*Asks:* 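Can you keep this structure in mind? I'll have questions shortly.
Heavy-atom basis, side chains included; hydrogens, waters and symmetry copies ignored. One-based numbering, in listed order, for ligands and for the atoms of each. Just so it is clear, the model here is predicted, and its values are computed rather than measured.
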Amino acid sequence: MDQRIEESIKQLTLEEKASLCSGMNRWKTEAIYRFGIPSMVMSDGPHGVRKPKQDDDFGMKDVNDNRSATCFPTASAMASSWDPDLLFEVGEALAKESKALDVQILLGPGVNMKRSPLGGRNFEYYSEDPHLAGEIGAAYVKGLQSQGVGACVKHYACNNQEHERMSISSEVDERTLREIYLPAFEKIVQEAKPWSIMVAYNKVNGTYATENTYLLRDILKNEWNFDGLTVSDWGATSNRIEALKAGLDLEMPGPSPSNDKKIVEAVRSGQLDETLLDDAVRRILRVVFRSMEERNPNKEINYEAHHRLAKKAAAGSIVLLKNENQLLPLDVNGVRSLAVIGQMAAEPRIQGGGSSKVNATMFDVPLEQMKSHIVIEAKMAYAAGYSYEDEGDALAEALIAQAVQAARASEIAVLFLGLPDRFESEGYDRTHLELPYNQVRLLTEVSKVNKRVVVVLSNGSAIAMPWIGHAKAILEGWLGGQASGSAIVDILFGQCNPSGKLQETFVHQLEDNPSYLNFPGTDSKVEYREGIFIGYRYYDKKKMQVLFPFGHGLSYTSFEYTNLRTSSDYLQDLDGLTVEVDITNTGKREGSEIVQLYVNDRESRIVRPEHELKCFAKVRLLPGETSTVRMHLEKRDFSYYDPTLKRWVMETGEFELRVGKSSREIVLKRIVTVQSTDVVELKLTGDSLVKDWVASEEGRRIFFEVLAEEKMKEQVEHALLGDDALMVMGMPLRKIFYFDTERAVRAEEIVDRLLSRLK
Ligand code: BGC
């Protein structure tokens, strides 16, 4: 193939090469038939194939303008499964459907970090934690590509809000970029080799992502060795020549004749090096040819089987947030009367708005599924309770009154609540974390007449719950896709044991979020001033109360953690460490536990998060069964990014490994000692602090040598042992001499003498 590509590049005219760098239409790449270069089709993504019925249509006016496809749970749900195997399976199914619809690249997954819970597309993103997002995203990409359909990982980079998304500049420092906003992309590029990366609309530190040489060429292509193609988000290209120079290969959508012409002119005038154009063409052709080898349209798809997989995915993602007095699962045989309340029970919300919206093949309605679970004698009443549309007071109160009546007459009330479509969509952010007012009113009134209230939530991103005391049990159902209705009901009645955990922290109030003061920005800029402290990295460091911590999720069974052990407790420059822990199902039901491993640097030169998730594993156990979970840590898992040295640094010292059920429920701990070769050598100068001089072996020797010559040794040693120690340690070296009347006049000379003795 490489030879064919090189031959093509040699023979194509300059105009032809330029034309390949923009699409043929909204979804297809340009074809050049005289060279047998076909056109490749891309479609959204990520949680279902959204292929418009009309070839060149956006398909966004009405979801029915798209071909039907299985609607899997959205990203925030899927990540809550913490189950890479499940993501792989879903990826495979998505690829099969893509192929059947003659789609060669599926536009997903979206792996941007959830900086603020208000982000309009948070439902399309995986997590507030880069490790989780990277693992989950890599599994999705591997599954998809294992079937010969390319992934397009998006939106690179720092596209963490919808407000002014096409122009805003995300202002982010180097360490934060490397530790928080890039690692998910990095992991996926290195482990899953995606065919393409979608370059975001926004600017990063003042330069459009599409023109950002640092992000595209230096980091993505050179440092990470990404060999796929970069494609602009739809309409993200601004200056085509600058973008091409920076490493943006393909402009979408197309056609873009004026930009193609500019490319030709820029090469002719010497403004653009033709080898850069060749590199873009090479990358485009590599993916186009590869995708054609795999092309196999019109294959029959077993949509029933994919619906079953969508149900398995939804079930694995649902999080049991609260379960007072073990109200759940409901006893199928014991419940005599049940009130099912909420329009979402009859008309479920299964996905978010915008380009990812899939025309589902079928869908399960919770209310109908409930009916099939209730024993003959049980009475079931349904009341809408609220309407998706904001109703005026009179109508809203009437709906609430009907629901209260149903709840009063029932043993248990199950309320389906959540965010309506207009609250969560691509294109704009949320403005608050609350449920609609009418729903909260409804819950408050129902809880006055029924003490056994279960709330089932449908929302793509974290919400606040000032009403939490009104519900005995809460199930977070997310936007769970077309089969979520039956998955929820199976969990309510215990046919399935919940096993999801939160991929993002739920806070009590929006103001607690670390980005609160700097979201969504002003004057075309959004400053990421909280730096590396996003999500639990902030809450845990500040020991703040949260509503539900990162990694939280309950089960109908219980798990015991024992015997945490490591392959070694002392590591000389680390090349890997195996961590094992035994997990036992101590309850009465089969269930899965998500075991999380956080790393804490006990003492660090620089400020670091309290601890960071570095490994996790989901283990399924029968009652009484024990299994050993094995996890692996690498040097990078102990390191921070040093922006001055421009590399990752692992410090020598002690690290605590913390294994637990959430970031706040650490069950077992173990300390390991690391001896690193990444010595951060500070260059000693006259302005270096005394503590830095004495911390260095050579510096200390010279320092005391010169002090002795100056007859100051005793005096300084004395100070360093007494109350003044901290003050002296924190002084720049030359100031030591300034403070001594006699030496002050010779201070420069003494410092020069000191420096001259350094190697
Ligand atoms: C979105 C992308 C999407 C593309 C094509 C853009 O507006 O940001 O995520 O893949 O449109 O629909």
*Asks:* Check whether more than 12 heavy atoms from other residues, nucleotides or ligands sit under 6.0 Å from atom CG of Asp523, and answer yes or no.
*Replies:* no
*Asks:* Can you list, by chain and residue number, every protein residue with a non-hydrogen atom closer than 4.0 Å to ligand 1?
*Replies:* Trp27, Asp44, Arg50, Leu107, Arg121, Lys154, His155, Arg165, Met198, Tyr201, Asp233, Trp234, Ser355, Glu426
*Asks:* Are side-chain heavy atoms of Trp27 and Pro253 found at a separation under 4.5 Å?
*Replies:* no
*Asks:* Within this structure, what is the CD-OH distance for the pair Gln503 and Tyr126, rounded to the nearest 0.5 Å?
*Replies:* 11.0 Å
*Asks:* Heavy-atom count check: over 12 atoms from other residues, nucleotides or ligands less than 6.0 Å from Lys299 NZ?
*Replies:* no
*Asks:* Apply ring pair (Phe, Tyr, Trp, His ring centres under 6.0 Å) to residues Tyr536 and Phe550 and explain how you reach the verdict.
*Replies:* CA-CA 6 Å; Tyr536 72 88; Phe550 175 79; 4.6 Å; yes
*Asks:* Hey, are the side chains of Ile534 and Tyr181 touching, using non-hydrogen atoms and a 4.5 Å cut-off?
*Replies:* yes
